[in-house]
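Below is one structure, written out as structure tokens; comments come after it.
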Amino acid sequence: MALYSRVSGSVGMITLQNPPVNALSAAVRQGIVDMMHRALSEPEVKSVVICGQNGKFCGGADIREFGAKMTGPPLVPMVHLIEAASKPVVAAIEGIALGGGLELALSCHYRIAHSKATLGFPEVALGLLPGAGGTQRLPRLIGVPAALDLITTGRHVTAAEARQLGIVDEVTDLNAVDAAVKFAQSVTGKSLDARRISTYPCPRPPDLDAIFERAMQQVRRSARGAIAPGTCVQAVHAAVTLPYAKGMERERELFSLLFTSGQARALQYYFFAQRAVSRWSTANGARWDTSKPRPVRKAAVIGLGTMGRGITVSLAQAGFSVVAVETQEQQLSEAKQAVSGMLERGAKRRGVPLAHDKIKYSCSVQAVADVDLVIEAVFEDMALKKTVFQQLSAICKPGALLCTNTSGLDIDELASQTQSPELVVGMHFFAPAHVMQLLEVVYGPRSSPEVVATAMQMGKKMGKVSVAVGNCRGFVGNRMLKPYLEQAFFLLEEGATPEQVDQVLEEFGFAMGVFKVSDLSGLDVGWKVRKSDGLVSPASTGTSARIRGGSRYSPLGDLLCERGRFGQKTGRGWFQYDKPGGRVAKPDPWLHGFLEEYRAQHGLVARRIDHQEVLERCLYALINEGFQILQDGIAAGPEDIDVIYVLGYGWPRHRGGPMFYAGQVGLDKVVERLEHYQQIHPDVPGLQPCSLLRKLAASGNPAIHKWREVIQKPRSQL
Ligand SMILES: CC/C=C\CC(=O)SCCNC(=O)CCNC(=O)[C@H](O)C(C)(C)COP(=O)(O)OP(=O)(O)OC[C@H]1O[C@@H](n2cnc3c(N)ncnc32)[C@H](O)[C@@H]1OP(=O)(O)O
């Protein structure tokens with residue numbers, strides 16, 4: 001709703017009230033319209049100030065209302081009412097003016113912002129465009145190139161930048177509402193003719209066509225199939241080429257196109273999913289709202305390889321004192337140099353002070369004796385990690401959390417090496433650890449709720465999105481990756497090429513296809529794991545070479561590794577590169593010959609595989625594993641899986657995540673296609689729909705927020 005009050009006798013004040021961000025719900029819009037009419041009808045009122053309660057102007061349209069039938073006054077007539085007002089209207093911008101909130105501000109005749117406020121049009125991240133005149137007013141106010149930048153990227157600007165661009169009239173360090181009231185009094189009675197942005201001519205720079213061409217190219221490069229950025233460009237184009245009223249019509253058409261698209265639904269789902277994962281719960285009943293994190297001031301990192309360095313940087317940048325340990329002098333000195341460089345680049349990029357003094361380096365594990373939390377980041381080797389955990393358990397002070405950075409090893413096995421298994425938790429960082437936003441917090445059956453809460457909070461403090469997941473081989477992300485990779489290998493055996501598989505996945509929206517990712521991260525990584533699992537048989541020839549543990553197995557990755565083809569680092573993998581460490585993947589005729597030979601050797605006849613099969617087999621096998629993960633209680637809900645896949649594995653955000661995507665395709669259709677492929681390839685694992693997927697499909701493809709009702713409720717063991 002919106003509250004009306006009178007200040008200093010002649011200023012009508014409209015205060016938006018809709019916690020937490022004063023979003024423009026139906027009630028708020030109704031309130032604004034009613035209060036504007038009241039302010040305009042009261043003869044004593046000479047000017048109006050619009051502000052938001054609790055130091056937040058407005059976070060835009062209420063996204064929670066997007067799924068339901070529209071009620072209340074629409075935004076466009078509301079902003080026109082304000083702009084057409086005969087009394088000056090001043091926006092007092094504190095905290096945020098985003099999306100519809102900024103459009104509301106642009107309809108006011110003046111804008112006063114607090115110096116700490118941020119402004120922007122983030123609609124593009126929700127699959128939309130600023131549809132209450134934002135695409136028509138902003139270019140009229142600040143010019144086409146700046147408007148295109150803000151609208152197509154969705155980036156937030158500071159009050160200072162907004163002032164420089166001409167979006168706000170004044171910036172104050174004092175109370176912005178008081179400043180706006182004073183300002184409103186000072187402009188009482190002045191003509192408003194030059195203050196209505198919709199009446200401004202839209203500037204037409206001489207190189208207009210080139211500007212739009214560049215903008216389109218830019219969004220095509222970065223959008224990876226998302227339609228909103230290009231549609232934003234089209235809407236701004238209408239501001240330049242059409243009169244205001246016609247431009248508004250075009251904006252409405254384009255907005256409706258986006259609003260009803262699957263992409264907008266996916267992005268809005270993802271917006272809430274990313275927030276939902278912080279309300280975590282575990283399979284044994286621990287919860288975010290009943291588990292108190294422990295205080296952590298000082299942390300340690302053991303092992304300063306690539307991951308350990310990134311984790312050290314993340315901790316120091318988040319303000320923690322860090323003890324960084326690497327037992328070899330030479331490696332410690334190299335790590336110190338690398339970490340310093342990363343900190344310097346980070347400080348420069350983010351404009352923050354250097355955090356060198358937060359870190360103490362040591363060659364001795366004994367240096368961690370007084371820390372509150374240790375993150376072990378040594379090689380992915382169970383025996384080595386066990387030794388480290390035995391040492392840590394003996395050295396660390398009572399109550400110190402012992403965390404392991406592992407991409408899939410058993411947390412409980414490590415916990416059993418310590419005197420206090422309840423203090424052990426996994427923290428699976430993604431490379432590069434100081435850049436990637438995702439953290440899987442892996443709880444074992446004995447991890448205490450406070451320890452999970454502490455790890456989750458640590459992740460947040462490091463600027464990461466933490467997702468709590470249960471302990472199983474590969475946790476959520478890597479466990480789902482296995483069937484995805486397997487299908488890709490089987491497709492090569494059956495006649496596909498790495499470039500074909502990657503093309504299909506990249507057209508779907510992945511930044512990189514599965515084979516390019518494998519080349520980037522190194523084929524030897526998976527090879528080592530398969531070796532330690534006893535899967536890589538030394539005599540990988542003959543039919544038996546394609547069977548492991550009674551299931552079909554593709555040794556293709558192993559065979560490439562045996563030939564020293566580890567991917568980018570060796571200049572050869574699934575693709576070829578111009579040199580070791582090269583980045584540009586090129587199809588490799590050697591590999592095509594190798595695949596032909598391999599097929600001939602194993603009696604496989606190459607067939608034509610279409611794009612649909614590549615996509616369905618890779619994605620549906622991955623999705624099926626996701627349902628199995630939900631069924632096993634490893635992830636609490638589909639949102640957890642989707643956030644992990646978008647932030648950690650390059651799943652296109654505009655497709656919501658694998659579980660959301662499955663819902664959009666139709667769960668019954670996913671089941672039907674998996675069964676189809678299973679019939680044709682009975683020997684291929686991963687194609688049998690799991691029982692939860694079948695159950696949900698049979699219960700009529702319920703909306704994703706209803707899935708939790710079907711997933712069995714966890715039983716508390718606490
Ligand atoms: C004709 C249509 C015209 C215009 C279209 C639009 O205006 S679309 C909406 C444009 N606005 C946005 O995209 C803003 C989205 N919100 C944010 O970016 C952040 O929430 C924000 C405002 C910067 C605050 O960030 P902070 O980190 O402080 O909090 P958090 O993100 O956790 O949000 C707090 C809770 O507020 C809920 N929320 C935020 N924005 C909205 C919104 N616009 N509508 C509804 N709800 C919103 C958010 O979900 C959090 O709630 P929770 O229950 O904790 O999930």
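Each ligand, and each atom within it, is numbered from 1 in the order the structure gives.
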Item to check | Which of the ligand 1 atoms, numbered from 1, are nearer than 4.0 Å to a heavy atom of G99 | outcome: 7 (O), 10 (C)
Item to check | Heavy-atom side-chain proximity of L254 to T135 below 4.5 angstrom | outcome: no
Checklist entry - By number and element, which atoms of ligand 1 are closer than 4.0 Å to a non-hydrogen atom of I96? => result 22 (C)
Checklist entry - Is the shortest distance from atom 11 (N) of ligand 1 to a protein heavy atom below 4.0 Å? => result yes
Checklist entry - Which option out of F272, F121, F255 puts a heavy atom nearest to atom 49 (O) of ligand 1? => result F272
Item to check | R279 neighbourhood, listing ligand 1 atoms whose heavy-atom distance to it stays under 4.0 Å | outcome: 52 (P), 53 (O), 54 (O), 55 (O)
Next on the checklist: For atom 44 (N) of ligand 1, what is the closest protein heavy atom, and at what distance to 0.1 Å?
Outcome noted: I63 N, 3.0 Å
Checklist entry - Which atoms from ligand 1 have a heavy atom of G60 less than 4.0 Å away? => result 7 (O)
Next on the checklist: Yes or no, since that's all I need: does a protein heavy atom fall within a distance strictly under 4.0 Å of atom 52 (P) of ligand 1?
Outcome noted: yes
Next on the checklist: If we check side chain to side chain contact (heavy atoms under 4.5 Å, CB included) with V425, which of these qualifies: V442, V441, T454?
Outcome noted: V441
Checklist outcome for this item: If you scan protein heavy atoms around atom 6 (C) of ligand 1, the nearest is A61 CB, 3.4 Å
Checklist entry - For atom 32 (O) of ligand 1, is some protein heavy-atom partner under 4.0 Å away? => result yes
Checklist entry - When the aromatic ring centroids of F66 and F259 are compared, is their separation below 6.0 Å? => result yes
Checklist entry - Cut-off 3.5 Å, side chains only: do S198 and E83 have a donor facing an acceptor? => result yes
Item to check | Centroid-centroid under 6.0 Å between F430 and Y649 rings | outcome: yes
Checklist entry - Is there side-chain contact between C403 and L373, with at least one heavy-atom pair below 4.5 Å? => result yes
Checklist entry - Is there at least one protein heavy-atom neighbour under 4.0 Å from atom 40 (N) of ligand 1? => result yes
Checklist entry - Atoms of ligand 1 less than 4.0 Å from E103 heavy atoms? => result 3 (C), 4 (C)
Item to check | Protein contact of atom 46 (N) of ligand 1 - nearest heavy atom, named by residue and atom, plus distance | outcome: R64 NE, 4.0 Å
Checklist entry - Under 4.0 Å from any heavy atom of P122, which atoms of ligand 1 are there? => result 11 (N), 12 (C), 13 (O)
Next on the checklist: Any nitrogen or oxygen of G59 lying under 3.5 Å from a nitrogen or oxygen in ligand 1? Just yes or no.
Outcome noted: yes
Checklist outcome for this item: Going by the 4.0 angstrom heavy-atom rule, the piece of L126 near ligand 1 is side chain
Item to check | Heavy-atom closest contact (L16 atom, N22 atom, distance) | outcome: O-OD1, 3.2 Å
Checklist entry - Looking just at side-chain N and O atoms, do R250 and Q234 make a donor-acceptor pair shorter than 3.5 Å? => result yes
Next on the checklist: Heavy-atom distances under 4.0 Å decide this one: backbone, side chain, both or neither, for P20 against ligand 1?
Outcome noted: side chain
Item to check | Per atom 5 (C) of ligand 1, closest listed option by heavy atom (Q268, H156, E123) | outcome: E123
Item to check | Pairwise distance CG(N18) to CZ(R29) - rounded to 0.5 angstrom | outcome: 10.5 Å
Next on the checklist: What protein heavy atom lies closest to atom 24 (C) of ligand 1? Include the residue and the distance to one decimal.
Outcome noted: V21 CG1, 4.4 Å
Item to check | Side chain proximity check, L242 to M248, heavy atoms < 4.5 angstrom | outcome: no
Item to check | Protein contact to atom 45 (C) of ligand 1 [nearest heavy atom, distance to 0.1 Å] | outcome: D62 OD1, 3.2 Å
Next on the checklist: Yes or no, since that's all I need: does a protein heavy atom fall within a distance strictly under 4.0 Å of atom 20 (O) of ligand 1?
Outcome noted: yes
Checklist entry - With a cut-off of 4.0 Å, which atoms of ligand 1 are near a heavy atom of L75? => result 1 (C), 2 (C), 3 (C)
Item to check | For atom 23 (C) of ligand 1, the protein heavy atom that lies nearest, with its residue and separation | outcome: L98 CD1, 3.8 Å
Next on the checklist: I want to check a possible cation-pi pair here: R265 against Y269, using under 6.0 Å from ring centre and within 45° of the ring axis as the test.
Outcome noted: no
Item to check | Min side-chain heavy-atom separation Y270-L647 under 4.5 Å | outcome: yes
Next on the checklist: Between R708 and E639, does any NZ, NE, NH1 or NH2 come within less than 4.0 Å of an OD or OE carboxylate oxygen?
Outcome noted: yes
Item to check | Q217 and R220 side chains, donor-acceptor separation under 3.5 Å | outcome: no
Checklist outcome for this item: The protein heavy atom nearest to atom 25 (O) of ligand 1 is R275 NH2, 5.0 Å
